[in-house]
Number of protein chains: 2
Amino acid sequence: MKEQLKLENQLCFRLYTASRLITQAYHPYLTKIGLTYPQYLVMMVLWEQDGQPVNDIARRLYLETNTVTPLLKRMEAEDFITRKKGKDDGRKVIVSLTPKGKALEEQASCIPFEMSGAVACRSITEETAPELYRTMDDLIETLSRSLLP
Amino acid sequence: MKEQLKLENQLCFRLYTASRLITQAYHPYLTKIGLTYPQYLVMMVLWEQDGQPVNDIARRLYLETNTVTPLLKRMEAEDFITRKKGKDDGRKVIVSLTPKGKALEEQASCIPFEMSGAVACRSITEETAPELYRTMDDLIETLSRSLLP
DNA sequence: TATATTTGCATCGTGAACGATATAATTATC
DNA sequence: GATAATTATATCGTTCACGATGCAAATATA
């Protein structure tokens, strides 16, 4: 058995598992307000700045537009957002919040606090979190640069 | 704009993004040997111990059996594994490596070394990695316990 | 100003994930 | 030993992810 092929030595497996499990932990809270986790991410992007083209939203989330487009269509069908052709540039599709989408921010505002209970563990505290965030951000930047065309 | 709803304050978004990007980084290496990333995880479980029931594989990967079953069927179609009913317990399906599946371990053995280049960044070194792994393991255990029925 | 290239988004196909549900085999209870 | 409860896996439907490809609008080049 090759040591380097053991699960316990894989960073990726840990990230993959932690990501799935924490997303599962969000599920009951997000279901209440009618969102999936990726849709919640899109809403956070729009709550920060309303009226953005598809491309900007995708880049912010490190996703491809072919992932975001169908996601946005479902969100439009649920009346959380609108999609309109840009006036200056006819290729762009500008995504904006509906009143329902704007109102959702208030309902969602408690979720981060409710979630903090689920991830409360010895290793992640007020003191250690910033260091962990920096490590993750560094990793993400390194990976995203190494994946460029 | 609510502070707690900003992307930059989300641990989950970081895990989700890092997981996706690192899996993408694996893609070219795994394609060469005909595996997807989740299939690679299953192979690692079987290389560690051949001949396991579906349930054990799923538990080891923190996945549901309804995710693993179709995954295994595709791997069976590719002749990496076999699926046979258990003799002692007729409900179990025992998953075993084919010769092709066993031979793949040798081909895969270089992947972890090739990948270590992609994640090489200031924040993750020989010294800091064990601490990061412990934090992730702690988080995963906390989450998996909080998600129990 | 024609033509070529680039850009922004969409469509399609495949492979996960997972909740809900079904089915068959085993075990427990009466 | 018949019935109920449990366990192991599978099926189904919906929603991502993403590579490959298509198309139309905008820009660059000849």
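In what follows, chains carry the letters A, B, and so on, assigned in the order in which the sequence lines appear, proteins first and then strands, with residues in each chain numbered from 1.
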Over all strands shown, is B:Arg83 touching base, sugar-phosphate only, or nothing at heavy-atom distances under 4.0 angstrom? sugar-phosphate

For B:His27 and B:Thr69, take the nucleotide of DNA chain D holding the closest heavy atom to each; which residue's nucleotide lies nearer the 5' end? B:Thr69

Single-linkage hydrophobic cluster, 4.5 Å side-chain cutoff, A:Ile57 and B:Met1 together: yes

Hey, mind stepping through A:Tyr37 and A:His27 against side-chain contact (heavy atoms from CB on, under 4.5 Å) and telling me if it holds? CA-CA 7 Å; A:Tyr37 184 72; A:His27 192 261; over 6 Å; no

Between A:Lys87 and B:Val68, who's closer to the 5' end of DNA chain D by nearest nucleotide? B:Val68

What is the distance from CG of A:Leu71 to C1' of D:dC18, rounded to the nearest Å? 13 Å

Would a distance-only check, ignoring hydrogens and angles, find a side-chain to backbone donor-acceptor pair under 3.5 Å from A:Trp47 to A:Gly101? yes

If you compare all heavy atoms of B:Pro112 against all heavy atoms of A:Gln4, which two are closest, and at what distance to 0.1 Å? CG-O, 3.3 Å

Spacing of A:Arg91 atom CZ relative to D:dT27 atom P, expressed in whole Å: 6 Å

Any side-chain N or O of A:Thr36 under 4.0 Å from OP1/OP2 of D:dC16? yes

Could you state the atom-to-atom distance from CD of A:Glu64 to P of D:dG19 in whole Å? 6 Å

Among D:dG19, C:dC9, C:dC18, the one nearest B:Leu63 by side-chain distance: C:dC18

N-O pairing of A:Glu105 and A:Lys102 below 4.0 Å: no

Hey, are A:Asp137 and A:Arg134 close enough for a salt bridge, meaning a charged N less than 4.0 Å from a carboxylate O? no

From C-beta outward on B:Val93, which listed nucleotide comes closest to its side chain: C:dG15, C:dT11, D:dT9? D:dT9

Hey, does A:Thr67 reach any base, or is it just sugar-phosphate, or nothing, if we go heavy atoms under 4.0 Å? base

Rounded to whole Å, please give me the gap between CZ in B:Arg20 and C1' in D:dG19. 14 Å

Same apolar cluster (I L V M F W Y, side chains within < 4.5 Å links), B:Leu30/B:Leu72: yes

Using heavy atoms and a sub-4.0 Å distance, could you list which residues of residues 37-58 of chain A are near DNA chain D? By number, please. A:Pro38, A:Gln39

B:Met115 with A:Leu11, same ILVMFWY side-chain cluster at under 4.5 Å: yes

Between B:Asp88 and A:Tyr16, name the one whose nearest nucleotide on DNA chain C is closer to the 5' end. A:Tyr16

Write down the distance between CG (B:Asp89) and P (C:dT26), rounded to a whole number of angstrom. 6 Å

From the set D:dT15, C:dC9, D:dA25, return the single nucleotide nearest to any side-chain atom of A:Lys85. D:dA25

From the candidates D:dC16, C:dG19, D:dG19, the one with an atom nearest any side-chain atom of A:Arg74 is D:dC16

What's the CG-C1' distance between A:Leu72 and C:dC9, to the nearest Å? 11 Å

Under-4.0 Å side-chain N/O to phosphate OP1/OP2 contact, A:Gln24 with C:dC18: yes

Rounded to the nearest angstrom, tell me the gap between atom NZ in B:Lys73 and atom C1' in D:dA10. 6 Å

Heavy atoms under 4.0 Å, any strand shown: does B:Thr65 hit a base, just sugar-phosphate, or nothing? base

What's the CD-P distance between A:Glu76 and C:dC9, to the nearest Å? 14 Å

